[in-house]
Amino acid sequence: MLTPLAKKEASMSYRLSKISCFILAMLTFALTNAAHSLDLGPVQVHGFLSQGYIYSSGNEYLQGSDKGGTFDFSNAAVNFLYRPTNKLFFAGQLISRNFGDAYANEKPIDIDYLFASANIIGSSTDDFTVNLGKIKTTYGIFNNSRNIPFTHVGIISDQTLYSEYDRHMTLYGTGISLDYKHRADIGDFRVIYQNAKISDDKRDALSTYPQIDPDSVTEFDGVDYSVVHFMLSPANTNLEFGYSHGRIDAEKMYILDTIPGVYDRHWSLNAINNIYSARYTTENFTLTAEYMNRVIRNKYRFIPKNIFPYQENDEIRKSDSAYIQGAYRFTYDLEGFVSYHFATEEINGVKNYGAPYNQYRRQWVVGADWDIFENTLLKAEFHMIDGTYDMIKEPGINQNGIDRKWNMFVMQLSYKF
């Protein structure tokens with residue numbers, strides 16, 4: 001029978017062996033794949049795939065991440081671009097994604113985006129484009145490109161601004177995007193307006209609400225999203241400033257047989273996000289900072305059994321979150337970064353920083369990106385976390401309680417063609 005020390009050593013040996021196997025498998029994959037992008041006449045075809053590994057101590061981030069780690073973190077995508085004229089193009093991407101057990105994040109195949117883009121005005125100073133279809137949602141600095149590992153440093157972005165669990169609610173939607181750019185001697189200005197339905201699948205919308213059975217939802221009108229996004233780049237400064245104002249509206253009707261005495265409940269949700277962004281870039285150094293103020297209002301209407309009319313209850317959640325990140329490129333192939341994140345939340349004016357520590361988070365992240373080859377990228381990062389706000393949502397995890405302070409190690413190998 002193993003002693004506690006022997007069990008601990010065996011567990012550590014197992015984790016190290018698993019990590020070593022992961023690194024070896026991914027490097028073998030990279031060395032044996034040398035495909036390039038495809039150019040099929042007027043249609044350009046590209047794609048990427050990635051495999052990640054997550055290990056956490058103290059808390060589960062994904063199912064089993066604290067028990068030797070998990071490889072339940074992968075993406076693969078193929079996209080195309082067809083440009084019949086210099087004023088019109090069509091673009092689309094198919095994606096396969098696996099990130100834990102939430103329904104919305106297990107997609108064997110899905111349409112990531114599919115839209116037509118028409119350039120209405122194009123000149124040396126002004127540019128106006130209309131996009132129509134399933135479009136990428138634009139807010140902050142990274143949202144419309146963060147699912148492609150090659151477009152940003154690090155692996156897991158700030159989870160309050162760029163949530164992985166709720167990515168289906170913030171990453172894309174079906175609607176219209178109006179994009180205007182103006183270039184002047186003092187700098188460049190850009191404004192984007194988007195209006196889209198970001199989810200019409202109740203299983204997607206409720207995938208991180210395990211207490212709600214989607215089959216009990218008797219009416220669902222979908223989730224609508226609108227955003228206005230501004231970017232300003234003053235001339236000769238290496239600076240960018242941004243502001244995004246977004247609004248999410250959802251209406252749901254479902255039966256709650258599990259609540260004694262309640263016949264049904266009507267739930268409406270409204271969320272307003274204000275995001276302020278800034279970035280300073282030189283040849284080897286980048287400093288990025290973003291702040292978000294968010295207000296979420298959940299309004300419930302109950303019909304108690306044998307009593308009429310509805311009884312109402314409002315819940316207002318206010319949060320403030322921010323991060324600052326410095327990245328430095330040591331060589332052409334290697335870039336390192338360090339970032340600090342914080343977030344706090346209050347519910348109906350009340351802040352509770354006790355267990356389960358889900359109304360605040362303070363977090364340091366240190367990591368590096370290594371371009372092994374021109375088309376192969378290896379990333380690694382270490383998180384030191386105090387609190388769990390907007391970090392732990394996976395259904396069915398941490399059944400034995402939550403730790404306030406915990407760590408997380410993440411690796412990802414990505415390949416593009």
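In this chain, numbering begins with 1 at the start of the sequence shown.
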Would you call the rings of Y162 and F142 parallel, tilted or perpendicular, taking 30° and 60° as the class edges? perpendicular
Parallel, tilted or perpendicular: ring planes of Y180 versus H182, cut at 30 and 60 degrees: parallel
Kindly compute the distance separating CG (L377) from CZ (F150), expressed to the nearest 0.5 Å. 5.0 Å
Quick one: closest heavy-atom pair of A235 and D185, and the distance? CB-O, 3.3 Å
Residues G100 and N98: closest non-hydrogen pair is O-OD1, 3.6 Å
Quick one: closest heavy-atom pair of E290 and I141, and the distance? OE2-N, 3.1 Å
Interatomic distance, D112 atom CG to I148 atom CD1 [nearest 0.5 angstrom]: 8.0 Å
When you look at L413 and Q51, which way does the side-chain contact (heavy atoms from CB on, under 4.5 Å) test go after all the steps? CA-CA 6 Å; L413 185 65; Q51 176 62 58; 5.5 Å; no
Parallel, tilted or perpendicular: rings of F89 and F115 (30°, 60°): perpendicular
Work out which heavy atom in A343 is nearest to a heavy atom in S321; give both atom names and the distance. CB-CB, 3.7 Å
Has the side chain of D403 got a donor or acceptor atom that lies under 3.5 Å from a matching backbone atom of N59? no
Is it possible for you to check whether K134 lies under 6.0 Å from the centre of the six-membered ring of Y172, through NZ or CZ, and within 45° of that ring's axis? yes
Look at the aromatic rings of Y328 and F330 and report parallel, tilted or perpendicular, splitting at 30° and 60°. perpendicular
Is there a donor-acceptor pair closer than 3.5 Å between any side-chain N or O of T129 and the backbone N or O of D179? no
Candidate pair R190 and E240, rule salt bridge (Lys or Arg N to Asp or Glu O under 4.0 Å), full reasoning: CA-CA 11 Å; R190 184 179 186 183; E240 295 176 88; over 6 Å; no
Is it true that D386 and R362 have a side-chain N and a carboxylate O under 4.0 angstrom from each other? yes
Quick check for you: to the nearest 0.5 Å, what is the distance between M391 atom CE and D158 atom CG? 9.0 Å
Hey, does the side chain of S65 reach the backbone of Y61 with a donor-acceptor pair shorter than 3.5 angstrom? yes
E381 side chain to I155 backbone, donor-acceptor under 3.5 Å: yes
Taking the basic N atoms (NZ, or NE/NH1/NH2) and the acidic carboxylate oxygens, is any pair closer than 4.0 Å for K299 and D314? no
To the nearest 0.5 Å, tell me how far I156 CD1 sits from I54 CD1. 4.5 Å
Got a second to check how far N75's CG is from I95's CD1, nearest 0.5 Å? 5.0 Å
Note, N270 side chain near R247 side chain (heavy atom, < 4.5 Å): yes
Near-ring test F90/F80, centroid separation under 6.0 angstrom: no
For D369 and K379, what are the C-alpha separation, side-chain angles and deciding distance, and is it a salt bridge (Lys or Arg N to Asp or Glu O under 4.0 Å)? CA-CA 5 Å; D369 290 11; K379 295 170 177 263; 2.9 Å; yes
